[in-house]
Undergrad: 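This is the structure I want to talk about, given as C-alpha cells.
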Amino acid sequence: MDRVVLSYGDSLLRSSDVALLDAPHWLNDNIIGFIFEFLASTLSPSTAERVALLSPEVSQFIKCCGDDAAEFLKPLDLPQKDLVLLPVNDNAGTVAGGSHWSLLAYLRSVREFLHYDSAPGTNAPHARLVAKNLNGLLDGNPRYREEEAPAQHNSYDCGMYVVCVAQALCEQYFRGCNNLNLQNITAQYVTQKRKEWKETIRGLGSQM
C-alpha cells in the first residue's frame, strides 16, 4: 500500500515518493516540490517576501504555455522578487516525466537568469525556453547565462543537485554574497543530504 507519509502545505508525499531519497533513484516532482516548499517556509518573513521558489508543476507550465503563462503568474508578483528559483525538467510534455533536472535562477539585482546544470548543457534548451517565457513578465529583458555548477558523477543525482544549489542560493544571496560559493556541494554532501531530507520528512510526518 502506497500510504500517505506527509501532508505539508500544498505537498502530499507517499511512501513511494520518500523511497526515491534512497540512491540510486531520481527525485520526482513531488519530492522537489516539497523541498522547495519547506525551504520557503524556513525563510524569515522579510526574506520570504523577496524570494519565490516555484514548484516543478509551475515551472513546467511556464515552459509549455509560452506567453500565456504571464497572466497566470501575475498573482505571484515575480517582478518584485529579488530571487526566483525554478526546477527545470527535460520533459517536453505537460505531465510529469523527463529524465533530467536542473535549476534556473533569476537574480533581479543583475537582471539575469543563471542556469545551474549538474550535467552541463543537457537542459540548456529547456532552461532557455523557461527564461524566454518569463521575459514578458520580468522587468528589463533579463540576460541568460549558463553558470558553472557542481557536477554530478552518476545518472541519478540531478534532482538532489537542484535542491542543494537552491538551498545554497537562498542562504548566500540574502547575505549579500556577490560570488556564490557552491564548492561544498560534492557527491558526499549530496549523499548526506538525501539522508537528512528523509529524516526531515520522517520528523514532520510523526507530527501528523
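Computed over heavy atoms, backbone and side chain alike; hydrogens, waters and symmetry mates excluded.
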Undergrad: Give me the atom names and distance for the closest heavy-atom approach of Val190 to Cys164.
TA: CG2-SG, 4.2 Å
Undergrad: Which heavy atom of Leu104 sits nearest to which heavy atom of Val88, and what is that distance?
TA: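 So the two residues come closest at CB-CG2, 3.9 Å.
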Undergrad: Classify the angle between the aromatic ring planes of Phe34 and Tyr8 as parallel (below 30°), tilted (30 to 60°) or perpendicular (above 60°).
TA: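 Phe34 and Tyr8: perpendicular rings.
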Undergrad: Tell me if the aromatic rings of Phe113 and Tyr106 count as close, with their centers under 6.0 Å from one another.
TA: yes
Undergrad: For Asp157, which residues count as a side chain to side chain donor-acceptor pair (under 3.5 Å) partner, sequence neighbours excluded?
TA: Asn154, Arg194
Undergrad: Got a sec, which pairs hit side-chain hydrogen bond (donor to acceptor under 3.5 Å, both in side chains) with one end in residues 127-138, sequence neighbours left out?
TA: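 Non-adjacent pairs meeting side-chain hydrogen bond (donor to acceptor under 3.5 Å, both in side chains): Asn135-Asn141.
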Undergrad: Are Met160 and Val18 joined in one hydrophobic group, where the rule is that I, L, V, M, F, W and Y side chains link up if heavy atoms are under 4.5 Å apart?
TA: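 Linked, Met160 and Val18 end up in one cluster.
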Undergrad: Return the minimal non-hydrogen interatomic distance between Leu138 and Pro142, and the atom names on each side.
TA: CB-CG, 4.1 Å
Undergrad: Give me each pair satisfying salt bridge (charged side-chain N to carboxylate O under 4.0 Å, His left out) with a member in residues 12-27, each pair once, sequence neighbours excluded.
TA: Asp22-Lys198
Undergrad: Check side chain to side chain contact (heavy atoms under 4.5 Å, CB included) between Phe72 and all other residues, then give those that pass, not counting sequence neighbours.
TA: Phe61
Undergrad: Does the separation of the ring centres of Tyr161 and Trp101 fall below 6.0 angstrom?
TA: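 No, they do not, as the ring centres are separated by 6.0 Å or more.
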Undergrad: Hey, could you give me each pair passing side-chain hydrogen bond (donor to acceptor under 3.5 Å, both in side chains) that has a residue in residues 46-56? Not counting sequence neighbours.
TA: Ser44-Ser46, Ser44-Thr47, Arg50-Asp82, Ser55-Glu57
Undergrad: Please enumerate all residues that pass side chain to side chain donor-acceptor pair (under 3.5 Å) together with Ser118, with sequence neighbours excluded.
TA: Gln152
